[in-house]
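Numbers for residues simply follow the sequence, beginning at 1.
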Amino acid sequence: MRLPWAVLLLTLLGGRYLVWRLGSTLNLDSPLATGLSLAMLLAELALLTTAFLQLWFTLAPDPGIAALAERAASELEQRRRLDPGALPAVDVLVPSYGEPLELIGRCLRGCRAIDYPNVTVWLLDDSGRPELERLCTSLGCRYLAREQREHAKAGNLNHVLPHLDGDLLAVFDADVVPQTSFLARTAGLFVDPAVGFVQTPQSYMNADPVIRNLRLERWLMPDEETFYRWVEPVRQGLNAVVCAGTSFVMRRSALLQVGGFETGTPSEDLATGIRLAAAGYRNLFVGEKLSAGLAPFTLAAMARQRCRWASGTLQTLRTGASPFTIPGLKPLQRLAFLEGILHWCNVLPQLLLLLMPLSIGVLGVAPLRVSGDGLLLYALPFYGVQLLLARWFSGQARTALLPELYRWVFLVPLAAAVVGTLLGKPQRFRVTPKAPTAGRRLGAERRLLLPLLALLSLQLVSVLNLLPRGGLALAPISTATLALGLVWAGFNAVLLLLAIRTCWDRGGGDGTPWFAVDRPGALQGDGGDRELAVRVRAISAEGVELELAAAAAAQGQPRSAEGISIALPGHATPLPLRLEARRGRRLGAHWGELSAEQRDRLEHQLYRQSGLWPQRQAPFEPLALLAVLRRLLQPIAAEGWFARSLLPQASPADLARSPHPTPARGGR
């Protein structure tokens with residue numbers, strides 16, 4: 001959200017704070033104190049620089065892409081009615097390497113169901129599996145494999161380019177399912193020949209491990225929401241939109257002009273987008289959730305994904321797409337892309353600031369000297385206003401404190417990945433698994449847990465030493481400095497405890513996403529003619545969780561687990577069920593044998609409908625913090641009937657109000 005007055009206020013408060021920090025808080029009493037004090041100051045300056053750059057970027061003029069996208073979609077629909085063959089042809093590309101067959105099939109069926117003429121769907125199989133070729137034949141998709149698998153995903157995408165004839169190409173990862181309206185909402189923007197690519201948000205249909213392991217589906221928004229609600233829209237005003245690797249549409253001639261997808265880095269998406277911007281193309285971001293994929297299932301997989309992103313992004317600096325050297329970028333574009341790349345280095349000053357309280361509580365040396373008046377007059381206004389404005393700047397995607405949990409969980413592995421990449425030892429590219437693997441070991445992820453335990457031990461030692469009679473002979477320091485060190489170390493210890501609790505992957509679940517819904521239904525069968533009214537509370541491709549209406553419960557529960565079905569809105573025929581669990585008025589059931597038409601319609605309702613993924617708002621943070629703290633004391637049950645990790649889908653009323661209603665059919 002663009003708030004010029006807030007940017008001005010924070011800039012003034014920030015300048016005032018820095019004058020105070022430079023003039024009144026440095027501890028220069030000894031070489032050790034001076035070194036620690038300057039190190040802390042430099043760490044703060046590095047973080048504040050990137051934060052203020054992001055704030056100042058919001059002052060760029062809003063290009064009004066939402067209105068432009070709406071007009072383009074309307075004009076595209078008019079052209080389609082007059083002459084569908086005149087619309088730009090689109091090749092939909094799905095690169096794959098080892099994903100489960102059902103996952104790929106779901107993606108391909110979603111791509112085939114896109115409501116747009118002149119579409120050719122390609123599966124680019126880097127694992128060379130015959131069963132995938134047979135799947136493509138049955139679905140009417142093109143199949144392409146290669147013998148030499150150089151340059152990972154970028155090489156796979158480049159391999160298909162000589163075979164394409166379409167004006168545009170759309171790319172989806174194999175776990176992503178597009179909505180039927182995906183191209184209707186994006187392809188019209190390419191009427192402007194200056195448009196190089198159009199990026200849409202990368203949404204998830206399941207909770208990531210940080211959310212899932214702590215059961216925070218109601219209280220914590222995915223970390224990526226901030227990027228797609230704040231960073232990408234702001235970058236659009238500078239023509240520095242980041243290509244995110246999936247759920248985008250690109251002009252094929254523009255891609256060929258810049259030499260195809262960049263192969264010098266695993267972050268081929270970012271580097272290719274920079275090349276297009278440098279070539280003079282206008283790159284757009286449409287902030288509609290038009291597709292959804294899968295978040296990593298385990299915390300280790302998510303850590304690997306984050307480290308790969310960090311390493312691949314930094315490797316862009318060593319390619320011809322480096323914003324430092326590539327010709328053609330305007331100064332603000334260059335600065336925006338550099339900030340987006342170098343922000344991964346923030347983990348180093350963040351780690352340094354995490355360790356700073358130890359200088360007081362362990363070494364007995366204060367890295368800064370503060371007074372109570374200084375904290376109240378300079379530090380509190382600056383940081384307090386930041387906390388209050390976090391929701392508004394992020395488009396209601398995040399609160400101030402709770403999202404910091406992501407930073408703490410992955411801080412140590414990310415710091416190692418960044419340092420390794422800067423030293424010329426980047427992370428090796430590996431596909432992120434999106435489903436549990438066979439023989440998966442339950443319990444804590446030790447590679448993440450052990451560094452966090454070590455950091456927590458140090459913070460606790462610091463807290464104990466800072467308490468009255470803690471036993472450490474401290475150099476003379478002010479009461480305010482001592483209190484600041486105690487609060488700082490205590491806050492770090494609480495966040496580390498939460499991060500440690502997150503390291504235990506929640507048991508149960510097979511990777512199939514379940515959704516929280518509230519829809520009417522009617523149970524039929526059960527060896528008689530009676531019909532029981534129910535509400536569908538959770539639904540997936542595997543089954544449903546139901547709640548009997550009070551009047552229906554008075555008639556008694558279904559007597560048999562077999563031979564029953566459920567009538568749902570949008571389905572021409574009842575869907576067969578097999579009851580598996582009962583708890584009070586709650587019933588859990590797997591689907592019975594569904595026909596091909598029933599299965600396709602179910603997938604359409606689960607994954608493809610327009611407007612399916614709601615734009616949620618971050619909750620009121622004090623309540624969210626209380627919920628998180630309770631998780632420290634509560635055991636987290638394994639997933640199972642009536643205890644599932646659920647993300648919400650739009651209600652039927654919301655779907656009916658969607659500005660681009662989906663066709664009634666489930667595919668073609």
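Under the 30°/60° scheme for interplanar angles, the aromatic rings of Trp122 and His163 are found to be tilted. In this structure, Tyr228 and Phe285 have parallel ring planes: the angle between them is below the 30° cut-off, well short of the 60° mark.
Counting only heavy atoms from C-beta outward, the side chains of Val121 and Leu108 approach each other to under 4.5 Å. In this structure, Leu594 and Pro576 have side chains that are in contact, with non-hydrogen atoms separated by less than 4.5 Å. Inter-residue side-chain proximity for Ser610 and Thr180 is flagged as met; some heavy-atom pair is nearer than 4.5 Å. A 4.5 Å side-chain heavy-atom check between Arg146 and Asn156 finds at least one atom pair inside the cut-off. Looking at heavy atoms from C-beta onward, Leu124 lies out of side-chain contact with His159 at the 4.5 angstrom threshold. In this structure, Thr120 and Arg142 have side chains that are in contact, with non-hydrogen atoms separated by less than 4.5 Å. Contact check for Trp514 versus Glu639: no side-chain heavy atoms found under the 4.5 Å cut-off. At a threshold of 4.5 Å between non-hydrogen side-chain atoms, the residues Pro520 and Arg535 count as touching.
Looking at Arg391, its side chain does come within 3.5 Å of a backbone N or O of Pro619 through a donor-acceptor pair. Between the Gln202 side chain and the Thr246 main chain, no donor and acceptor come within less than 3.5 Å of each other. For Glu70 (side chain) and Ala66 (main-chain N/O), no donor-acceptor pair under 3.5 Å exists by modelled atom type. At least one donor-acceptor pair under 3.5 Å links the side chain of Asp175 to the backbone N or O of Leu294. Remark: side-chain polar atoms of Trp408 are not paired, donor with acceptor, to backbone N or O of Leu452 under 3.5 angstrom. Side chain of Glu217 to backbone of Asn206: no donor-acceptor contact under 3.5 angstrom is found. Ser181 places no side-chain N or O within donor-acceptor distance of the main-chain N or O of Ala184, the cut-off being under 3.5 Å. The closest donor-acceptor contact from the side chain of Glu621 to the backbone of Leu401 lies under 3.5 Å. One N or O on the side chain of Gln605 and one on the backbone of Pro569 form a donor-acceptor pair closer than 3.5 Å. Judged by distance alone, the side chain of Arg599 and the main-chain N or O of Ala541 form a donor-acceptor pair under 3.5 Å.
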**OP:** Under the side chain to side chain contact (heavy atoms under 4.5 Å, CB included) rule, what do Leu132 and Leu101 come out as? Steps first, then yes or no, please.
**Re:** CA-CA 7 Å; Leu132 289 181; Leu101 182 66; 3.3 Å; yes
**OP:** Apply salt bridge (charged side-chain N to carboxylate O under 4.0 Å, His left out) to the pair Asp600 and Arg112, showing each step before the final yes or no.
**Re:** CA-CA 11 Å; Asp600 185 74; Arg112 288 285 296 139; over 6 Å; no
**OP:** Mind running side chain to side chain contact (heavy atoms under 4.5 Å, CB included) on Arg212 and Phe297 for me, showing each step along the way?
**Re:** CA-CA 9 Å; Arg212 179 177 179 266; Phe297 192 75; 3.4 Å; yes
**OP:** Show your working on side chain to side chain contact (heavy atoms under 4.5 Å, CB included) between Gln199 and Val242 and close with a plain yes or no.
**Re:** CA-CA 8 Å; Gln199 179 67 55; Val242 174; over 6 Å; no
**OP:** Carefully, step by step, assess Trp613 and Leu647 under the rule side chain to side chain contact (heavy atoms under 4.5 Å, CB included).
**Re:** CA-CA 9 Å; Trp613 312 113; Leu647 290 186; over 6 Å; no
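Once rounded to the nearest 0.5 Å, the distance linking CG of Leu405 with CG of Leu498 reads 6.0 Å. Note that CD of Glu603 and CD of Gln609 are 12.5 Å apart. Values are rounded to the nearest 0.5 Å. Here the CD-CZ distance, from Glu77 to Arg185, works out to 10.5 Å after rounding to the nearest 0.5 Å. The CZ atom of Arg631 sits 11.0 Å away from atom CG of Leu633, with the distance rounded to the nearest 0.5 Å. Separation of atoms CG (Leu497) and CG (Leu629) is listed at 10.0 Å; rounding is to 0.5 Å. Once rounded to the nearest 0.5 Å, the distance linking CD1 of Ile566 with CD1 of Ile539 reads 8.0 Å.
Look at Arg306 and Glu224 and you find a salt bridge, because one of the NZ, NE, NH1 or NH2 atoms lies within 4.0 Å of a carboxylate O, short of that distance. Using a 4.0 Å cut-off between a side-chain N of Lys or Arg and a carboxylate O of Asp or Glu, Lys153 and Asp173 qualify as a salt bridge. Ion pairing of Arg398 with Glu225 is absent here, as no side-chain N (NZ or NE/NH1/NH2) approaches a carboxylate O to less than 4.0 Å. Under the 4.0 Å criterion applied to side-chain N and carboxylate O atoms, Arg80 and Asp115 are assigned as salt-bridge partners. Between Glu102 and Arg106 no salt bridge is recorded (no basic side-chain N to carboxylate O distance below 4.0 Å).
Arg506 forms no cation-pi arrangement with Trp504, by the criterion of a distance under 6.0 Å to the ring centre and an angle within 45° of the ring axis.
Thr399 and Ala618 get closest at one heavy-atom pair: CG2-CB, 3.9 Å. Minimum heavy-atom separation, Pro513 to Ser540: O-CB, 3.3 Å. The shortest non-hydrogen separation linking Ala152 to Asp126 is O-OD2, 4.0 Å. Of all heavy-atom pairs spanning Glu593 and Gln598, the tightest one is O-OE1, 4.4 Å. Taking each heavy atom of Ile114 and Pro178 in turn, the nearest pair found is CD1-CG, 3.9 Å. Of all heavy-atom pairs between Gly166 and Asp91, the closest is N-OD2, 2.9 Å.
A donor-acceptor pair shorter than 3.5 Å can be found between the side chains of Ser247 and Ser291. Between the side chains of Gln305 and Arg308, no donor N or O sits under 3.5 Å from an acceptor N or O. Side chains of Arg519 and Gln649: a donor on one and an acceptor on the other come within 3.5 Å.
A side-chain hydrogen bond (donor to acceptor under 3.5 Å, both in side chains) with Tyr406 is found for exactly one of Asp208, Thr502, Asp223, namely Asp208. The only option from Tyr607, Tyr116, Phe172 that meets the ring pair (Phe, Tyr, Trp, His ring centres under 6.0 Å) definition with Phe182 turns out to be Phe172.
The number of heavy atoms from other shown groups lying within 6.0 Å of CZ (Arg218) does not exceed 12. For Phe642, the CZ atom counts as densely surrounded, since its 6.0 Å shell holds more than 12 non-hydrogen atoms of other residues, nucleotides or ligands. Within a 6.0 Å radius of CD in Glu131, more than 12 heavy atoms belonging to other residues, nucleotides or ligands are found. Around CZ of Arg149, the count of heavy atoms belonging to other residues, nucleotides or ligands within 6.0 Å exceeds 12.
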